[in-house]
Amino acid sequence: MKKTSHKKVVLFLMILFIMLTCTLSTSSAQNVKSVILMIPDGMSVSGTTLARWYKGSPLAMDEMASGLVRTYSADAAIADSAPAGTAYATGFKSHTGFIGILPDENTMPGLKPITEEDKRRPVATILEAAKLAGKSTGLVATCELPHATPAAFSAHVADRNNYDDILEQQVYAGIDVVLAGGYKFLSPEERRDKENLLEIIKASGYDYITTPEALRKSTANKIWGMFAPKDLSYDFDRDPEKEPSLAEMTKKAIEVLSKNPKGFFLMVEGSKIDWAAHANDPVGVISDILAFDEAVKVALDFAKKDGRTIVIAVADHGNGGISIGDQETSKNYDTLPLSTFIDPLKKAKLTGEGLEKKLNQDRSNIKDVMATYYGISDLTEEELKKLQDAKPGKFNYVAGPIISKRAHIGWTTNGHTGEDVVLYIYAPPRQKRLTGVIENTYIAKYMEKAMGLDLAATTNRLLTSAAKDLTTLGANISKDSTNPANPVFVVTKGKTAAKFPVNKNIIEVNGSIVKLPGVIVDNGKTFFIPRKALNYFK
């Protein structure tokens, strides 16, 4: 009798344990509503270390460090920002310059070959999947909006430099909050197709803003903010009356997007860390790593209070081969005080880019500018000549190495580098954090799972092969390239005639305008449409 009673108790406890485990598992799966993905473009670990020493206290990112991310692309050990961003956005590695589309080939070890049908096939982004699930979406960056990283989350093109197509897709993507630079690219005078995208933005119900004051005062649920004709200034050079900080833009984006009870996806890029590293400008690197870290703090504070938000901060690749120590410290590196590296940098009041704006037309004031804003009064004749001969817009490529030499900051290249980057992540209780060494593509898969999204299903719904599926339905397809900058696919079947303008989310069916859940994409071989459009030809 006692044995039977004991067995019942054990069985009861086992059932209770299983029920509790299932409850916790379900709770964990439902725990996350939102993800804030923050990308410090081109940030290497030495840059982070340098910024921490410069600041003199821990970074907000420090408590989030959890692993490493491998950054190689589909066919190269060192990634360009386009495929690197695409990996985070879609879960697929791609080729240099490709935005939101698959590569022509996978040649790196461990990658499966690309089928002929999949070459350059557009694939859905985590932003598109979140939007389709009813979540709010946002993009924040300090570069121009159609630049590689923000583009990778909001467009599908085979050339990252094709700003016309990228920005048009972004304008028609239905993103709730857009805060970046690049308003000159909205102008008809700047565009091959001569379209006025600013009119489209305003007609779509956005509060279009161009100043920090307007950003602070806006109470709209849809905001499109562009604060510079191209990229925004480095944070050390920034005029706070003219341009908001990355932290301010992040705060406003979260404020607006978090109104949605279903949650949101937000991508925030510290874009010009990468640009400073290209120039070997340590002041620019420090400037924008610290600015990025302030934005991370904003996101982290929100996530901790909200309890249902994941924050991920991860660079897309390294850049510059920056090191604390150079060839001149080879024999005495272990005897040099911290001041050796930091004090020369502390004297700088502007980045190399900011210095250029202080020069007079004939650059006769170079010595004064370098002494006043960089604390360098011992320029050599060779350095002075290099500064005088620096090409417009490239002054930081000369000034950066000059201050680097005095601070013993080493560089190996003006290009990207192929090392792993640090993964920083905050997740709510019971939500598993990513740890260890992971592929960059797994960031997308982790976000997908955490928010309960389906990237493959989103691709199927938004980016179906029009030529294949419409032909199967018996429709006839032709391409109207009367205006090469504005191609239109014309589809007819029986009494139904439809026009599919590339890069837009609208079609014209028998004279009536129909809005689609995604944009029309032309990959050069065929075009792709939201599956919903097929219904007009069944």
Could you check whether any side-chain N or O of [X] sits under 3.5 Å from a backbone N or O of [Y], counting only pairs where one atom can act as donor and the other as acceptor?
X: Lys493; Y: Phe537; result: yes
X: Lys252; Y: Leu215; result: yes
X: Asn510; Y: Ala497; result: yes
X: Ser218; Y: Ala214; result: no
X: Ser245; Y: Glu248; result: yes
X: Ser73; Y: Ala79; result: no
X: His156; Y: Gly100; result: yes
X: Glu168; Y: Asn503; result: no
X: Asn483; Y: Asp193; result: no
X: Asn106; Y: Lys112; result: yes

More than 12 heavy atoms of other groups within 6.0 Å of [X] [atom1]:
X: Glu213; atom1: CD; answer: no
X: Lys194; atom1: NZ; answer: yes
X: Lys222; atom1: NZ; answer: yes
X: Lys251; atom1: NZ; answer: no

Can you name the closest pair of heavy atoms from [X] and [Y] and give their distance?
X: Leu186; Y: Arg191; answer: O-CD, 4.1 Å
X: Tyr88; Y: Val69; answer: OH-CG1, 3.7 Å
X: Lys272; Y: Thr142; answer: N-OG1, 3.7 Å
X: Asp274; Y: Gly42; answer: OD1-CA, 3.8 Å
X: Lys119; Y: Lys525; answer: O-NZ, 3.1 Å
X: Ser258; Y: Phe302; answer: CB-CZ, 3.8 Å

With a 4.5 Å cut-off on side-chain heavy atoms, are [Y] and [X] touching?
X: Ile520; Y: Ile529; result: yes
X: Trp224; Y: Ser204; result: no
X: Phe489; Y: Ser478; result: no
X: Leu139; Y: Leu127; result: yes
X: Phe265; Y: Lys135; result: no
X: Leu37; Y: Val314; result: yes
X: Arg433; Y: Leu423; result: no
X: Asn440; Y: Arg70; result: no

Parallel, tilted or perpendicular: rings of Trp275 and His147 (30°, 60°):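 Tilted.
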Hey, are [Y] and [X] close enough side-chain-wise for a donor-acceptor pair under 3.5 Å?
X: Glu269; Y: Ser271; result: yes
X: Asp80; Y: His416; result: no
X: Arg531; Y: Asn460; result: yes
X: Tyr163; Y: Glu144; result: yes
X: Ser187; Y: Glu189; result: yes
X: Thr417; Y: Glu419; result: yes

Intermediate values then yes/no, salt bridge (charged side-chain N to carboxylate O under 4.0 Å, His left out), Lys305 and Asp301: CA-CA 6 Å; Lys305 184 177 179 181; Asp301 287 347; over 6 Å; no
From Gln431, Met447, Lys33, residue fulfilling side chain to side chain contact (heavy atoms under 4.5 Å, CB included) relative to Ile310: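 Considering Gln431, Met447, Lys33, a side chain to side chain contact (heavy atoms under 4.5 Å, CB included) with Ile310 is found only for Gln431.
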Residues 170-180 side chain polar contacts: donor-acceptor under 3.5 Å, at least two apart:
residue: Gln170; atom: NE2; partner: Leu145; partner atom: O; Å: 3.1
residue: Gln170; atom: NE2; partner: Ser154; partner atom: OG; Å: 3.0
residue: Asp176; atom: OD2; partner: Thr137; partner atom: N; Å: 2.9

side-chain contact (heavy atoms from CB on, under 4.5 Å) evaluation trace for Phe185 with Asp164: CA-CA 8 Å; Phe185 301 107; Asp164 282 4; over 6 Å; no
Reported NZ-to-CD distance for the pair Lys297 and Glu294, which is rounded to 0.5 angstrom: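 Reported value, rounded in 0.5 Å steps: 7.0 Å.
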Cation-aromatic face contact Lys93/Tyr72, 6.0 Å, 45 degrees: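 Yes, Lys93 lies over the aromatic ring of Tyr72.
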Member of Asp104, Asp159, Asp522 meeting the salt bridge (Lys or Arg N to Asp or Glu O under 4.0 Å) criterion with Arg120: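 The single option meeting the salt bridge (Lys or Arg N to Asp or Glu O under 4.0 Å) with Arg120 is Asp104.
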